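Quick notes on the structure that follows.
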Amino acid sequence: VAPAPPPPPPATTAASSDGAADLRASAVATRVEGERQASALTRAADADASTIERVEGAKAAALERKAQASADSADSMLRAAQKASNTADGKVGSLGGQITKVEGEEKATFFLNFQKKGELQTEIKALKSELKTATSTAKTAAKSTSDASGIAGKESGSLVKAQKEAGKIRDAASAKASSIRKDAAKMADKAMAQANGAAAKLERQADKLR
C-alpha cells in the first residue's frame, strides 16, 4: 500500500490577509504622520526665526538711519559754514585789493589836486571800515566752520559706532535664528526616525501574517 501524501500547507486565510493589509496601511499612515509633524516643526521654527531676523533687522536699520541722518545733517551744516567762510574770506581779499588800488591812485594824484585826493582818501576810509567788518565776519565764519567740523567729525564717529552696533544686532539675530532652525531640524529628524521605526515594526508584523 502506497504511503499517504503529506498534508498540503495551510491556506492563507482572508483574516490574515486583511490583518497584514491593515498593518501596512498603518505603517504608511505612521510615516505620513511623521512627515507631517516634521514639516510642521520646520515651518514653525522657520517662521519664528524669520520673525527674529525681521524684527532685529528693522531695529538695526533704524539705528543706522538715525545715525546717518545726524551725520548727513552735520555734513550739511559744515558745507554751509565752509561756503560762508569762503565767501567772507573772498570779500576780505577783494576789499584788500580795492584798498591797495585806491591807495595807489591817491599816491599818484598830484598833491595839489585836493579835491581828487580828498575823494580818494574818503573812499579808502570807507573801504577800510568795510574791511574791518568783513574781517570780523570772516573770523566768525571761520570759528563756525571749525565748530561745524568738530560736530561733523563727532557724528561721523557715531555713525561708525552705530553701524558696528547694527552689525552685532544682525549677527546675534542670525545666530539665534540659525539655532532655532537647527534645533527644529533635529526634532524633525527625531520625529521621522520614530515614525519610520514604528512603521518598520508594523511592516514586520505584517510580514509574519503572510
Side-chain angles (χ1 to χ4, degrees), residues 43-182:
R43 287 197 305 272
D46 192 57
D48 289 344
S50 295
T51 297
I52 290 172
E53 289 172 331
R54 184 176 64 257
V55 171
E56 294 302 298
K59 185 188 297 183
L63 186 64
E64 288 175 324
R65 283 196 302 272
K66 182 178 180 180
Q68 185 67 62
S70 295
D72 289 345
S73 177
D75 286 342
S76 179
M77 289 176 64
L78 175 58
R79 287 193 298 272
Q82 288 173 331
K83 183 178 180 180
S85 182
N86 290 338
T87 298
D89 288 342
K91 187 169 185 179
V92 168
S94 176
L95 287 169
Q98 289 180 56
I99 290 171
T100 298
K101 179 182 177 181
V102 176
E103 284 179 337
E105 291 178 8
E106 192 272 334
K107 288 181 181 179
T109 299
F110 184 57
F111 75 97
L112 291 178
N113 190 346
F114 301 117
Q115 182 178 354
K116 180 65 174 178
K117 274 187 169 291
E119 291 175 351
L120 292 172
Q121 288 171 355
T122 298
E123 184 178 355
I124 291 170
K125 184 177 180 180
L127 287 171
K128 286 184 175 180
S129 177
E130 191 175 352
L131 176 62
K132 183 178 180 180
T133 300
T135 300
S136 177
T137 300
K139 287 181 179 179
T140 300
K143 185 177 186 308
S144 295
T145 299
S146 178
D147 292 343
S149 179
I151 293 172
K154 181 180 178 181
E155 292 300 337
S156 178
S158 296
L159 175 58
V160 172
K161 289 180 181 179
Q163 289 170 335
K164 289 181 179 179
E165 182 62 27
K168 290 179 181 179
I169 291 173
R170 290 191 179 96
D171 289 344
S174 180
K176 188 172 182 179
S178 178
S179 178
I180 289 173
R181 290 187 174 103
K182 287 179 180 179

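The structure presented is a predicted model; accordingly, all values stated were derived computationally and were not measured. Throughout, numbering of the chain's residues begins at 1 and tracks the sequence.
Under a 3.5 Å cut-off, the side chain of Ser94 and the backbone N or O of Gly90 do not form any donor-acceptor pair. At least one donor-acceptor pair under 3.5 Å links the side chain of Ser50 to the backbone N or O of Asp46. Side-chain N or O atoms of Ser178 include none that pairs as donor or acceptor with a backbone N or O of Ser174 at under 3.5 Å. A donor-acceptor distance shorter than 3.5 angstrom exists from the side chain of Ser158 to the backbone of Lys154, with no hydrogens or angles considered. With Ser156 contributing its side chain and Ala152 its backbone, the two residues share no donor-acceptor pair below 3.5 Å. Using a distance-only test at 3.5 Å, with no hydrogens or angles considered, a donor-acceptor pair links the side chain of Thr100 to the main chain of Gly96.
Note that the NZ atom of Lys117 and the CD atom of Glu105 stand 11.5 Å from one another [nearest 0.5 Å]. To the nearest 0.5 Å, atom OG of residue Ser70 and atom CD1 of residue Ile151 are 11.5 Å apart. Separation of atoms NZ (Lys164) and CD1 (Ile169) is listed at 14.5 Å; rounding is to 0.5 Å. Atom-to-atom distance recorded for Lys116:NZ and Thr109:OG1 is 6.0 Å, nearest 0.5 angstrom. Rounded to the nearest 0.5 Å, atoms CD (Glu106) and CG (Asn113) are 10.5 Å apart.
Between Ala81 and Ala148, the closest heavy-atom pair is CB-CB, 4.2 Å. When all heavy atoms of Thr145 and Ser85 are compared, the closest pair comes out as OG1-CB, 3.4 Å. Here the closest heavy-atom approach between residue Leu95 and residue Ala134 is recorded as CD1-CB, 3.7 Å. Considering all non-hydrogen atoms of both residues, Ala71 and Leu159 come closest at CB-CD2, 4.1 Å.
A donor-acceptor contact closer than 3.5 angstrom links the side chains of Asp72 and Gln68.
Between Glu56 and Arg170 there is no side-chain heavy-atom pair separated by less than 4.5 Å. In this structure, the side chains of Arg79 and Asp75 come closer than 4.5 Å at one or more pairs of heavy atoms.
With respect to the salt-bridge test (charged N to carboxylate O, under 4.0 angstrom), the residues Arg181 and Glu53 qualify.
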Donor-acceptor pairs under 3.5 angstrom involving side-chain atoms of residues 122-133: please list them, not counting sequence neighbours.
unit_1 : atom_1 : unit_2 : atom_2 : d
Thr122 : OG1    : Gly118 : O      : 2.9
Lys128 : NZ     : Glu103 : OE2    : 3.4
Thr133 : OG1    : Ser129 : O      : 3.4

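Around atom NZ of Lys91, no more than 12 heavy atoms belonging to other residues, nucleotides or ligands sit under 6.0 Å away.
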Hey, mind stepping through Leu63 and Lys59 against side chain to side chain contact (heavy atoms under 4.5 Å, CB included) and telling me if it holds? CA-CA 6 Å; Leu63 186 64; Lys59 185 188 297 183; over 6 Å; no
